[in-house]
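Inspection log for the structure reproduced underneath, given as structure tokens.
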Amino acid sequence: MLLVMKTSGNIEPFDRNKVISGVRKACQGRPIREEDLKALGQRVEEDLRARGLAQVKSEDVGKAILEPLRELDVVAYLRFASVYQNFESLEDFQNAIDGLKDVDTQA
């Protein structure tokens, strides 16, 4: 069983549905299919389990979501990242957008 240590210190079992639910909020109004959300949840879970750890931090779960979400939809990625990484200014958004442009030009 994979456990997640929350920032509060509480420990709970990993729940793929919580990942999907959190990502679904970031995807509101975007052309994302439910199957894509489920696939993302599965990818995140597989990534975390592949690390071979019995317990991960909630921050690790958030980090594991970022890359597959960026690949799925950059607007949803920015929404999720802005909450997960506590964006506080337009500069934070601009830096994230610039980072996306850098990745896009390398592809």
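Between Asn95 and Phe87, every side-chain heavy-atom pair lies at or beyond the 4.5 Å cut-off. In this structure, Lys18 and Val4 have side chains that are not in contact, with every pair of non-hydrogen atoms separated by 4.5 Å or more. Within the 4.5 Å cutoff, side-chain heavy atoms of Ile20 are placed close to those of Lys38. Between Val23 and Val44 there is no side-chain heavy-atom pair separated by less than 4.5 Å. Counting only heavy atoms from C-beta outward, the side chains of Arg24 and Glu34 approach each other to under 4.5 Å.
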Arg79/Val83 under side-chain contact (heavy atoms from CB on, under 4.5 Å): CA gap, chis, key distance, verdict: CA-CA 7 Å; Arg79 290 175 178 171; Val83 173; over 6 Å; no

Salt bridge (charged side-chain N to carboxylate O under 4.0 Å, His left out) assessment of Asp60 paired with Lys57: CA-CA 5 Å; Asp60 295 331; Lys57 295 178 181 176; over 6 Å; no

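The only member of Arg49, Arg43, Gln42 that meets side-chain hydrogen bond (donor to acceptor under 3.5 Å, both in side chains) when paired with Glu46 is Gln42.
Going from atom CD of Gln85 over to atom CD of Glu59 covers 12.0 Å, rounded to the nearest 0.5 Å. The distance from the CD atom of Gln55 to the CD atom of Glu12 is 11.0 Å, given to the nearest 0.5 Å. Taking CD of Glu71 as the reference point, atom CG of Asp36 lies at 12.0 Å (rounded to 0.5 Å). Note that CG of Leu53 and CG of Leu2 are 8.5 Å apart. Values are rounded to the nearest 0.5 Å. Interatomic distance, Asp73 CG to Leu78 CG, rounded to the nearest 0.5 Å: 9.0 Å.
The environment of CD in Glu88 is sparse: at most 12 heavy-atom neighbours from other residues, nucleotides or ligands sit within 6.0 Å. When the shell of 6.0 Å around CD of Glu35 is examined, it contains more than 12 heavy atoms from other residues, nucleotides or ligands. Heavy atoms from other residues, nucleotides or ligands lying under 6.0 Å from CG of Leu90 number 12 at most.
If you chain together hydrophobic residues whose side chains sit under 4.5 Å apart, Phe80 and Ile97 fall into the same group. Met5 and Ile65 are assigned to two separate hydrophobic clusters, defined by single-linkage of ILVMFWY side chains at heavy-atom distances under 4.5 Å. Hydrophobic clustering (side-chain heavy atoms under 4.5 Å, transitive across Ile, Leu, Val, Met, Phe, Trp, Tyr) groups Leu66 together with Leu40.
Using a 4.0 Å cut-off between a side-chain N of Lys or Arg and a carboxylate O of Asp or Glu, Glu67 and Arg70 qualify as a salt bridge. Between Asp47 and Arg51 there is a salt bridge, with a side-chain nitrogen of the basic residue lying less than 4.0 Å from a carboxylate oxygen of the acidic one.
No donor-acceptor pair under 3.5 Å is formed between the side chain of Tyr77 and the backbone N or O of Ala26. Between the side chain of Asp92 and the backbone N or O of Ser89 there is at least one donor-acceptor pair closer than 3.5 Å.
The minimum heavy-atom distance between Val19 and Gly41, with the atom names listed, is CG1-CA, 4.2 Å.
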